[in-house]
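Notes for the one structure printed next.
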There are 2 protein chains.
Amino acid sequence: MSDNISPLAPTQSIELPDIKGVTCRVARAQYKDWDRCDLTFVELIEGTTVAGVLTQSKCPSTEVEWCREALSDGKARGLVVNAGNANAFTGARGMEAVERILDLASQHLDCSKKEIFVSSTGVIGVPLPKDKSETGLKAAFNAEPCSWKEAAATIMTTDTFPKMATTSAIVGGKKVTLNAIVKGSGMIAPDMATMLGYIFTDAAVDAVFLQKMLIDATAKSFNCITVDSDTSTSDTVLVFATGQTEAPALTSYNDAGADAFAAALQDICMQLAHLVVRDGEGATKFIEIQVVGAESDDSAKRIGLSIANSPLVKTAIAGEDANWGRVVMAIGKAGEPADRDKLAISFGGVTVARDGLVVPDYDEKPVANHLQGAEIDISIDMGIGKGRATVWTCDLTHGYISINADYRS
Amino acid sequence: MSDNISPLAPTQSIELPDIKGVTCRVARAQYKDWDRCDLTFVELIEGTTVAGVLTQSKCPSTEVEWCREALSDGKARGLVVNAGNANAFTGARGMEAVERILDLASQHLDCSKKEIFVSSTGVIGVPLPKDKSETGLKAAFNAEPCSWKEAAATIMTTDTFPKMATTSAIVGGKKVTLNAIVKGSGMIAPDMATMLGYIFTDAAVDAVFLQKMLIDATAKSFNCITVDSDTSTSDTVLVFATGQTEAPALTSYNDAGADAFAAALQDICMQLAHLVVRDGEGATKFIEIQVVGAESDDSAKRIGLSIANSPLVKTAIAGEDANWGRVVMAIGKAGEPADRDKLAISFGGVTVARDGLVVPDYDEKPVANHLQGAEIDISIDMGIGKGRATVWTCDLTHGYISINADYRS
């Protein structure tokens, strides 16, 4: 948690409505020597369904392995999030700490251990201290319910602001609400379910269908962002549906309102994904990269991510330089079908390169003005097909180096 | 060219011997407004064979496309290198400039255009000015022969020191010599023939066999280094063999001395590759990453490069932090077969993590001392197979950001 809030943080704070069947509580486990809450306990009403996407890292944390196992039943009663210690690569001792949390929470809620989900975030390689977890969790059991904002703040690590989103959909004539909290600002990369994100809805959704919708929503949101190309060992996104409205239960895309709900889920995932980029370590610019005219959508996405992960493109944007040559370089290295002489590149809507060379008399002024802003648009037309994708990233600055070279494990 | 020489530059300067059949000359084309030579012209004796490896970028420069075409004949009489302008993504005008150089040089040497090789390095997207090339090239024709060091200095762009190497081999009882010059310090990434590198030998080598040996040597040298994961549009490594000794001609690995020559070629490629990393933009640490126990050699290389390209690993090393958790993360994201609980990680020969967790009482002092040095060794034992690879990179520092965010296209 930093004293300096990201310059890209939303300027308007939002209020999240209540979600019936969801109660958040926070407490101090003191995982680090800090003056803040760092353990979040969310109680979910009986009948809550759950879906999740988890890191594709080959070295995942114990918590990720547990969530993957627990998801197979599709039912949830509780969520525990520890901030300040990732408990990854901690072997049997790390597993013991998770087991203790599962025991305590399942006893408290009188449910199966497989209905308890656990995440931890922070330093890798230090076993989560069991005694601190136990003290913190018991304190949370007895704490007053807290606001969404307090829960969002309690799951933070290097984040500079609490990240929340809300949206709604009409299902069978009834309004359902989705709230979400998320943390993450470094070790953020694509091809995974990223960071820690939790979405809560009062809709009633079959767990298998919820999983399907979440995978679809993730593909175009979390998996289209990158801060630094590094994929965490602990990335987790879970969605919980309490079924506490009069809206009919959703079991497939054929149900009335399923499309509306899926769109709302996609929307809230996108909001979370953008919030993570806006809190990218050291970020000063929010960059949207649109690729059209590629051979396929997948190809467009890989080209977009090649640009979004290029240190030379990201430092150029930090320097407010419309260095389209580096964009050409990043397209060229993506390994995807490309025809240099059909390529067009725009910054802020102004085409600067086309047909294999610079546009001879393009107006540099609006481009320079655009680059000085905090919201940067880069558009690529590959000119060879109909594939399209949009990805998001931030610039690479001295701030990123300071945060990550000064950090001690 | 920077005023600040990389702290990783070799402290001892080397003298390169003459190579019979090779004459270097330099001149001022004034591609930029600078007080230095920026055009290199190398004359090669009739009968010289050539092999080359070129960028795998899908958006290569005109020069790269020309070299690829010219290599098909395997014969060389001249090499022209322009520094300060990459002439990439410059369409027909860029091609015209290359054509003019080919015309002038082939007339001067009374040879085929396909025996002239051209490279350009510098800013992308600005057509190489034909008039400057012509003036520079004609001046070079009339210049006195120069030293290897002057040639190495003339091909530099953001490099902080001229990079050269020499080695020799015994072929059929006769000594043959290999000299080489190279430039590059940013936009350096694997899976390609990297940067601009030129190797000259007085050995006699069949062009097809030379190509085969160069590809083998590149796989374990240039393709095992990375500075910033960004692949250039102009990467080129050429090797020229003048055949000006009494040593018998080499046509296959079955020839006496072929293994010795191949080893020397591998050695000189490795020297060049390491020099490039030692001049990595902003580098303060030279990092060797050894991976053993992987499923295959290819898998080991991909794991090594995933570590070498991780901004979080590179910033940790910059901060002199033995953050093996980030190494675990980078192994996990590589997508290669891995078993978290069989993994071992060492820094400077001290095993810090093993069997899925930290070594409980490892001695932190020698590790901390090692990290404070300029030469960092990281060893990974995947514990699942016999695959091995070694890759090299540098740390990621404020210097890299300063160089690349301040640079204007």
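Fair warning: this is a prediction, and the values are worked out from it, not measured in the lab. Quick note: numbers below take in every heavy atom, side chains included, and nothing from hydrogens, waters or symmetry partners.
Rounded to the nearest 0.5 angstrom, A:Met329 CE and B:Ser61 OG are separated by 14.0 Å. Here OG1 of A:Thr315 is found 10.0 Å from CD1 of B:Ile403. Values are rounded to the nearest 0.5 Å. We find the CG-CG distance between B:Asn404 and A:Leu396 to be 9.0 Å, quoted to the nearest 0.5 Å. Rounded to the nearest 0.5 angstrom, B:Arg326 CZ and A:Ile124 CD1 are separated by 8.5 Å.
Considering only heavy-atom pairs separated by less than 4.5 Å from chain B, the leading option among A:Pro337, A:Gly125, A:Gly91 is A:Gly125. For chain B, the option among A:Asp355, A:Ile331, A:Asp395, A:Leu343 with the highest count of heavy-atom pairs below 4.5 Å is A:Leu343. Taking B:Ile401, B:Ile317, B:Val358 one by one and counting their heavy-atom pairs under 4.5 Å with chain A, the maximum is reached by B:Ile401. Among the candidates A:Pro127, A:Gly335, A:Gly94, A:Ala318, the residue making the largest number of heavy-atom pairs closer than 4.5 Å to chain B is A:Gly335.
Closest non-hydrogen pair, B:His398 versus A:Ser402, comes out as CE1-OG, 3.0 Å. The heavy-atom pair separating A:Glu281 from B:Leu312 by the smallest distance is OE1-CD2, 4.5 Å.
Contact annotation: the side chain of A:Phe89 never approaches that of B:Val327 to less than 4.5 Å [non-hydrogen atoms, C-beta and beyond].
A 6.0 Å sphere centred on CZ of B:Arg340 holds more than 12 heavy atoms belonging to other residues, nucleotides or ligands. The local environment of CZ in A:Arg93 is sparse, with at most 12 non-hydrogen atoms from other residues, nucleotides or ligands closer than 6.0 Å.
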